[in-house]
Each structure stands twice: as C-alpha cells, then as structure tokens.
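When a ligand or atom number is given, it counts from 1 through the structure's own listing order. The shown structure was predicted, so the numbers you read here are calculated from the model rather than taken from an experiment.
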Amino acid sequence: GAPSCPHGPALLFVKTGQGKEEGRRFYACSACRDRKDCNFFQWEDEKVSETRLAAREEYNRNHQPAFTHRQNMERYKNFVLLPLSKRRFCQECQQLLLPAEWEKHLNHQLLCDISTAQLKSPSQFLHPLENKKTNAQYLFADRSCQFLLNLVIDLGFRRVLSVGTPRLHEMIQSKASQEEDFRVRSLLLDIDFRYSQFYTEDEFCHYNMFNHYFFGGEAACETCRKFLCEDNGERVIMVTDPPFGGLVEALACSFKKLMAMWKETGKEGQGNKEMPMFWIFPYFFESRILDFFPSFSMMDYQVDYDNHALYKHGKTGRRQSPVRIFTNLTPSMIVLPVEEGYRFCTLCQRYVSSGNQHCEICNSCTSKDGRRWKHCVLCKKCVKPSWFHCNNCSCCALPNHSCEKTDSGCFVCGKAGHKRTACPSLS
Ligand code: SAH
Ligand code: ZN
Ligand code: ZN
Ligand code: ZN
Ligand code: ZN
C-alpha cells in the first residue's frame, strides 16, 4: 500500500532525533538518498487528495525515460545496420544517435565510429554515474571482474543474475559472442536505464534493488523468474554489488524476494537450499549482512574498482580495498589467487589474505582489513593493530579516542558522533 514515486513504491522511514516529530513515520524514495534526485515525501498518516494523487501519477509518468526498452531495441537494430562512419553516440545525452537525430545534437560532444566490439562493452564509454548518494557506480577493475567470472565458471555455474554489476554482465556477454564454447549467460538487473540501449529484454531488466521493483512490470519480472528457473533452477548464481550507502535492510528484503523466486521454481523442491549468491560489500557491514543472512560468510578477497582511487588493491593502488565478497557457498570452495598472497588456512577451511594470522585463542583468522590483528585478553577478541585497551571504556579503541559513553552509534560503523549518511568509512 505504499505510495509511489518515479522509482516505484516508496519506503517507510521513521524520524529520529530530539525534535517533536521524533518517531513519526514517513514515506520517501527508495532509490535516491539525496532529496535533489527525488524529493518524494509523504507522512504515513497524511491524507492525500484525489487531485494530488492524479498530479502525482502524471508526474511519475512524465519522469520515465524518453524511449521504452522496446523502442531502444528497435533503435539498436537500425544502429547496427549503419556503416561505422555513421555510428555516433552523444556523450551529453548518453544516447546512441540515428542519422535523423544528428541535427539536434550539433553542439554536443559525440563519440564517432562506434565499433561492434564497443557496443558489447558499453560500460567502457558510458559515463559512470558517480553521484554518490544515488547511483554510486563504481566499476570493477579488470583484475576483479576476471577473478569473479573465473570463480563463477570454476564453480560450475551456467547462469549469472547480475544485480547492479553491469561490468560483469558485459564481460559475460562479450565472451559469449566471441568464444564458441563459452556457455555462461547473464541477465542484468540495474536501475541505470542507459543499458537498455544495448541489451534485449532477455538480457536486461530495469530494476530497483531497494524495493524489488521491475520498471517493466509483470513481463520483466517474468523474464527474471524464467531465467532463475531454467534448468530446474540449477547452476544459477546471483552476483550483486549495491551502492555502499544503501540500506542493508532494504537490500536484504529484495534479495530474499529474488531468492524466493528461485525457490518457487525448482521442481523437485530445493529443500532447504538457498540460491547461491555473491554479495559484494565493505567488510564493516559484516554484522549487518549476517543479521539478515546467517548462512553467509565473508571472504578475504579484496575487490578493486577502476574509478575509485581508494578502493584499489594494496599491491598496485594506494590503499587496500575494504570491499569483500559475502557468500552462502561453502567458504573452502572459494579459491583465492595464491599469486596475490592469499593462502588456505586448514583450521578455518577458507582462503585468507597474507597478513591474516590464525589466532589460537579465537581459533579463527580474525583480521577483517588484511592487516595482522592482535588479541586482547580483556576484550576476549582480536582487534585492529592500532587499538589499545582503554580501562575507562573497558574496550579497545584508538589511543586518542575521547572516553565518552555513547548511546546511539552510527548504523554503519557503530561509532558515535555521526549518522549513517556521514559515516567516514563510506567516504
Ligand atoms: N562494480 C559493478 C558496479 C557496481 S556500482 C560493476 O563494475 O559491474 C552499483 C551499481 O548498482 C551501478 O551499476 C548502479 O547503476 C546500480 N544501482 C544503483 N542504485 C540501484 C538501485 N536502486 N537498483 C538497482 N541498481 C542500482
Ligand atoms: Zn524516487
Ligand atoms: Zn584472537
Ligand atoms: Zn581490549
Ligand atoms: Zn576510553
């Protein structure tokens, strides 16, 4: 019964803080955390007049993309028939152009001579939507994308549901079109509608992962269901890399719905099995993810990005990436590259990073960030190497911390003094 904005059903939030509206519930856009991108707002108990409802519907209609997915496919068919010299892409409008439209884009920056190979790798020339609060499009470095794909292949999967992973999708698509014996297929679900210019309705669904909303309606939802249920639901894995500022609770709720879609279809009944999944997310969300998916574990592999200076691999980039793979597959099956320093811990039965030492007291390889952690007997756990035990706080902390008891910590890192949206771990 939630009202809708152009991004599908809104989510229900609650006001926190000291003001007199504390505790009051309201609906806001599920996809955009910045009011500038979508300013939908409605109190839960607000009465909305018929006129306003009608105006809202009209607004939502007007804020859909100029072309439908189907229209974009027609355009694509015509586009590939053009000789190279007539294949242009407008960088300002982020759109493939047909010759009749050139006139309207005279003063725009154009990419010319778009080859068929380029059309197979749109993420290479589409501008990454870096707007941190909404799209946060951080593209995998080749090293990480290749690693993920090899892992998926070595584990025997044949279908990948790529949720917010356009680069993995396109790597699969382009290999499938080049290598005859390449058997893996992918369906991309993403809110970035620009991809509908390059992929058919069987390869891409316009989807919002914060409210499990298919913009293409029942038909698109059915495409996804069919994809998951093929081959009795076997040999399919979901790989997702959501924006890090996103609400874990909303994501988990959508992912459970995708898992349920898969479960419905397995003819012989999947028993208690879960749809295999890789959820790529920073390590400091570990406990939040495990709250919703107790069967998941976090792998030590550091996922790298192209357009994110901070999230590069320790060996080549300036800093170590905090981004990890969470999975419900048996950890020992996830083989990490030995040439990058990962080794197998026989006690933990999983691959760990080179700096991660097995702690005899915790009986586990306890480092989360790749550095060697140290055990604190008072805290009865391993802590970051830079932390010391503080007798005031009776826990370990940075030496220069201020000893204040905190009531409400940040949702992401648990520390006081800032809210989730301003968490320094995210910036
Ligand atoms: N590393 C991935 C991209 C991850 S960036 C890769 O290289 O393939 C996050 C992705 O999620 C982007 O593609 C972005 O368009 C998409 N996204 C952001 N918000 C979304 C939402 N609400 N629903 C679905 N996809 C979303
Ligand atoms: Zn919205
Ligand atoms: Zn320990
Ligand atoms: Zn301690
Ligand atoms: Zn202290």
Side-chain angles (χ1 to χ4, degrees), residues 2-11 27-42 56 59-60 63-64 121-124 126-142 144-146 148-149 160 162-172 186 188-195 204-215 239-247 250-251 254-255 258 278 280-281 303-308 311 321 323 356-367 372-377 379-383 396:
S4 285
C5 71
H7 306 94
L11 293 183
Y27 289 103
C29 179
S30 58
C32 309
R33 271 146 294 136
D34 194 335
R35 284 289 196 90
K36 284 203 287 287
D37 296 326
C38 179
N39 62 6
F40 184 88
F41 183 93
Q42 183 192 312
R56 186 184 282 169
Y59 177 88
N60 290 351
H63 280 76
Q64 294 310 320
S121 302
S123 83
Q124 306 286 343
L126 292 172
H127 282 306
L129 303 173
E130 287 194 44
N131 171 351
K132 213 191 271 156
K133 292 217 165 126
T134 301
N135 292 81
Q137 211 157 44
Y138 295 117
L139 299 169
F140 293 133
D142 211 47
S144 287
C145 203
Q146 195 70 61
L148 283 168
L149 180 53
V160 180
S162 300
V163 183
T165 54
R167 203 156 251 184
L168 179 64
H169 175 75
E170 88 183 19
M171 188 175 264
I172 294 172
S186 168
L188 175 65
L189 308 187
D190 202 290
I191 204 164
D192 186 351
F193 193 65
R194 296 175 305 172
Y195 284 101
F204 170 74
C205 299
H206 191 200
Y207 174 77
N208 182 347
M209 63 167 112
F210 290 112
N211 57 4
H212 187 61
Y213 179 68
F214 286 87
F215 292 79
V239 181
T240 185
D241 186 11
F244 304 148
L247 287 164
L251 292 170
S254 297
F255 299 163
L258 289 169
F278 289 158
I280 296 163
F281 227 47
V303 180
D304 286 347
Y305 296 86
D306 256 0
N307 54 335
H308 203 305
Y311 294 1
S321 164
V323 185
N356 198 354
Q357 290 265 340
H358 192 87
C359 169
E360 308 255 308
I361 308 166
C362 297
N363 191 27
S364 140
C365 287
T366 44
S367 169
R372 183 179 178 170
W373 285 26
K374 58 182 187 188
H375 192 87
C376 171
V377 279
C379 290
K380 298 194 178 66
K381 63 176 185 187
C382 284
V383 296
C396 281

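Within the 4.0 Å heavy-atom criterion, both parts of Phe140, backbone and side chain, lie near ligand 1. Counting heavy atoms under 4.0 Å from ligand 1, residue Tyr305 touches it through the side chain alone.
For His7, the N/O/S atom at the shortest distance from the Zn ion (ligand 2) is named ND1.
The two residues Leu188 and Gly164 make their nearest non-hydrogen contact at CD1-N, 4.5 Å. Of all heavy-atom pairs between Leu258 and Leu189, the closest is CD2-CD1, 4.3 Å. The minimum heavy-atom distance between Pro242 and Leu251, with the atom names listed, is CB-CD1, 3.7 Å.
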Audit row: Phe40, Arg56, side-chain contact (heavy atoms from CB on, under 4.5 Å) steps and yes/no: CA-CA 10 Å; Phe40 184 88; Arg56 186 184 282 169; 3.3 Å; yes

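Residues His206 and Asp192 have side chains that never bring a donor and an acceptor to within less than 3.5 angstrom of each other. Side-chain contact, Ser4 with Asn60: no donor N or O sits under 3.5 Å from an acceptor N or O.
Between Pro243 and ligand 1, no pair of N/O atoms sits closer than 3.5 Å. Below 3.5 Å of separation, one finds no N or O of Leu139 facing any N or O of ligand 1. Residue Phe210 places no N or O, backbone or side chain, under 3.5 Å from any N or O of ligand 1. In terms of polar-atom proximity, Pro242 is not counted as a contact of ligand 1, lacking any N or O under 3.5 Å from an N or O of the ligand. Between Asp192 and ligand 1, no N or O atom pair is found at a separation short of 3.5 Å.
For atom 26 (C) of ligand 1, the nearest non-hydrogen atom from the set Asp304, Asp241, Ile191, Val239 comes from Ile191.
At a cut-off of 2.8 Å, Cys32 does not coordinate the Zn ion (ligand 2) through any N, O or S atom.
In terms of the ring pair (Phe, Tyr, Trp, His ring centres under 6.0 Å) criterion, Phe278 has no residue partners (sequence neighbours excluded).
Ring-centre distance between Tyr207 and Phe215: not below the 6.0 Å cut-off. Taking the centre of each ring, His212 and Phe210 stay at or above the 6.0 Å mark.
To the nearest 0.5 angstrom, Asp142 atom CG is 4.5 Å from Met171 atom CE. Tyr138 contributes atom OH, which lies 12.5 Å from atom OG of Ser321 (distance to the nearest 0.5 angstrom). The structure places CD of Gln357 at 14.5 Å from NE2 of His375, a figure rounded to the nearest 0.5 Å.
Vertex the Zn ion (ligand 2); arms to Cys29 atom SG and Cys38 atom SG; angle 110° (nearest 10°).
Using a 4.0 Å cut-off to heavy atoms of Tyr138, the atoms of ligand 1 that qualify are 1 (N), 2 (C), 3 (C), 4 (C), 5 (S), 7 (O). Ligand 1 places these atoms under 4.0 Å from at least one heavy atom of Tyr207: 23 (N), 24 (C). Using a 4.0 Å cut-off to heavy atoms of Asn208, the atoms of ligand 1 that qualify are 21 (C), 22 (N), 23 (N).
Protein atoms of type N/O/S that fall under 2.8 Å from the Zn ion (ligand 3) number 4 in this view.
The residues Arg167 and Asp241 are annotated as not salt-bridged, no charged nitrogen and carboxylate oxygen being separated by less than 4.0 angstrom.
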